[in-house]
Amino acid sequence: MRTIILSDIHGEAETLCGMLEELNFDPATEELVVLGDALDYGTSPAETYIALRNLAEQMEKRFVYIRGEHEQMLLDALLLTRGQIANGLLWKQNGGKETLESLQERKLSPGKTALWLKDNTRTWYECQDFIAVHADIADEVIWNNEQETFLWGNRCIEENNYAGKLTVFGHHRVDCPTYLDGSGVESRFHPNYGTWFQLPRRGAIALDTGCGEENGSLTAMIIENGMMRFERM
């Protein structure tokens, strides 16, 4: 089964749908992993939400939606999951304003959107080949990590200190897909787009290439038969 991994779509529904079309993605047979921060900012957060919700309904367990800090801020703001009204201001200042306006324009209930996200996102995912998180990982044993590490952490990208089971993450803007071997040194490998490589067994891959930002793009990681390649839009 082919797996497609996307990260940090940030409300760019046209780019999301264009990428899936370009990859000839088949929701009936393939797996899709979204590494969080799919909403907030962007030109069409509501349409992005609708597209992901429709994919979730079609694909069921083959659709994996990792919760990023933007999804968490949305939940904190709209459901008061951390019990602080000030979280609403924090969210609106960080792209939530655009999401809220987009949902209201489409006559979608922000509360129901939040409930759907609460029920359909998770902070990590693990399969035979890789682990998926939003921002960071400290230990390949999932239970040894703090939830805040998955949502906000930065040691893996800054220190290149993780050499456990292959983990794919977003959150941190990189110019192109970046492989980190966990050696603790500056050695980083940047796979060429459109070229097949052997899928590493250990280390980490950073995938957020700034979709919706100036000079940014959406990068897709394709995994199939123990190989990987990257495409961008």
Side-chain angles (χ1 to χ4, degrees), residues 5-11 33-42 45 48-49 52 63-100 110 113-127 130-174 178-182 184 188 202-213 221:
I5 306 177
L6 303 173
S7 180
D8 294 77
I9 301 163
H10 280 302
V33 180
V34 177
L35 298 179
D37 284 6
L39 311 179
D40 291 352
Y41 300 114
T48 303
Y49 161 67
L52 294 177
F63 175 82
V64 177
Y65 189 171
I66 300 297
R67 183 180 302 173
E69 88 275 12
H70 281 271
E71 285 84 8
Q72 187 62 60
M73 285 191 292
L74 184 154
L75 296 179
D76 292 344
L78 298 179
L79 302 180
L80 294 179
T81 50
R82 302 196 191 199
Q84 298 179 12
I85 295 176
N87 287 322
L89 180 61
L90 177 65
W91 174 55
K92 289 177 182 177
Q93 291 174 337
N94 288 275
K97 180 176 179 290
E98 291 88 338
T99 296
L100 197 58
T113 300
L115 287 171
W116 186 89
L117 288 170
K118 180 177 181 291
D119 291 340
N120 289 276
T121 59
R122 61 180 87 178
T123 55
W124 60 273
Y125 168 71
E126 182 173 8
C127 63
F130 63 90
I131 299 169
V133 298
H134 175 63
D136 194 20
I137 189 169
D139 194 309
E140 65 180 359
V141 180
I142 292 295
W143 315 116
N144 291 340
N145 294 272
E146 299 289 338
Q147 295 297 302
E148 294 299 304
T149 298
F150 294 148
L151 289 170
W152 299 93
N154 59 16
R155 292 189 64 189
C156 182
I157 188 73
E158 291 190 357
E159 301 177 16
N160 188 15
N161 66 345
Y162 173 77
K165 180 176 178 178
L166 178 66
T167 298
V168 187
F169 65 92
H171 183 66
H172 307 281
R173 169 74 186 270
V174 290
T178 301
Y179 172 69
L180 302 107
D181 61 8
R188 301 179 180 207
R202 311 193 72 78
I205 294 174
L207 207 59
D208 175 12
T209 51
C211 181
E213 300 179 20
M221 179 177 179

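Keep in mind that the numbers below use all heavy atoms, side chains included, and drop hydrogens, waters and symmetry copies.
Side-chain contact between T123 and V133 is absent, with no heavy-atom pair separated by less than 4.5 Å. Counting heavy atoms from C-beta outward, I131 and F150 have side chains that stay 4.5 Å or more apart. Contact check for V174 versus I157: side-chain heavy atoms found under the 4.5 Å cut-off. Using a 4.5 Å cut-off on side-chain heavy atoms (C-beta onward), Y41 and D8 make no contact. Side-chain contact check for I66 versus Y125: some heavy-atom pair is nearer than 4.5 Å. By the 4.5 Å heavy-atom criterion applied to side chains, V168 and L35 are counted as neighbours.
Evaluated for a side chain to side chain donor-acceptor pair (under 3.5 Å) with D37, the options H134, Q72, R67 yield exactly one hit, H134.
Within 6.0 Å of atom CD in E146, 12 or fewer heavy atoms from other residues, nucleotides or ligands are found, so the atom counts as exposed in its surroundings. Environment of CZ in R173: crowded, with over 12 heavy atoms of neighbouring residues, nucleotides or ligands closer than 6.0 Å.
Considering every non-hydrogen atom in both A204 and F169, the closest pair reads CB-CE2, 3.7 Å. Closest non-hydrogen pair, D139 versus N145, comes out as O-ND2, 2.7 Å. Residues C156 and I137 approach most closely at CB-O, 4.3 Å, considering heavy atoms. Smallest separation of non-hydrogen atoms from K165 and R202: N-NH2, 3.9 Å. The two residues G42 and P45 come nearest to each other via the heavy atoms O-CD, 4.1 Å. Here the shortest heavy-atom pairing between T149 and D136 reads O-CB, 3.3 Å.
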One pair to check against side-chain contact (heavy atoms from CB on, under 4.5 Å): N94 and D40. What are the steps and the verdict? CA-CA 7 Å; N94 288 275; D40 291 352; 6.0 Å; no
Should R155 and Y162 be marked as a side-chain contact (heavy atoms from CB on, under 4.5 Å) after you check the CA-CA gap, both sets of side-chain angles, and the distance that decides it? CA-CA 8 Å; R155 292 189 64 189; Y162 173 77; over 6 Å; no
Given the rule in the side-chain contact (heavy atoms from CB on, under 4.5 Å) test, do L117 and L39 qualify, once you have shown the distances and angles that lead to the verdict? CA-CA 11 Å; L117 288 170; L39 311 179; 4.0 Å; yes
Report the C-alpha separation of W91 and L78 in whole Å, then their side-chain angles, then the decisive distance to 0.1 Å, and conclude whether the side-chain contact (heavy atoms from CB on, under 4.5 Å) test is met. CA-CA 9 Å; W91 174 55; L78 298 179; 4.0 Å; yes
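Using a 3.5 Å distance cut-off with no hydrogens or angles, the side chains of D208 and S7 do not pair a donor with an acceptor. Side-chain polar atoms of T121 and E71 form no donor-acceptor pair below 3.5 angstrom.
For the atom pair CG (L90) and CG (D76), the distance works out to 8.5 Å, reported to the nearest 0.5 Å. Note that OG1 of T178 and CZ of R188 are 7.5 Å apart. Values are rounded to the nearest 0.5 Å.
Side chain of H172 to main chain of G153: a donor-acceptor pair is present (N/O by atom type, distance under 3.5 Å, no hydrogens or angles). In terms of modelled atom types and a separation under 3.5 Å, the side chain of N161 and the main chain of G182 share no donor-acceptor contact.
The aromatic rings of H70 and H10 sit perpendicular, their planes meeting at an angle over 60°, well past the 30° parallel limit.
Remark: L115 engages L79 in a side chain to side chain contact (heavy atoms under 4.5 Å, CB included) (not counting sequence neighbours).
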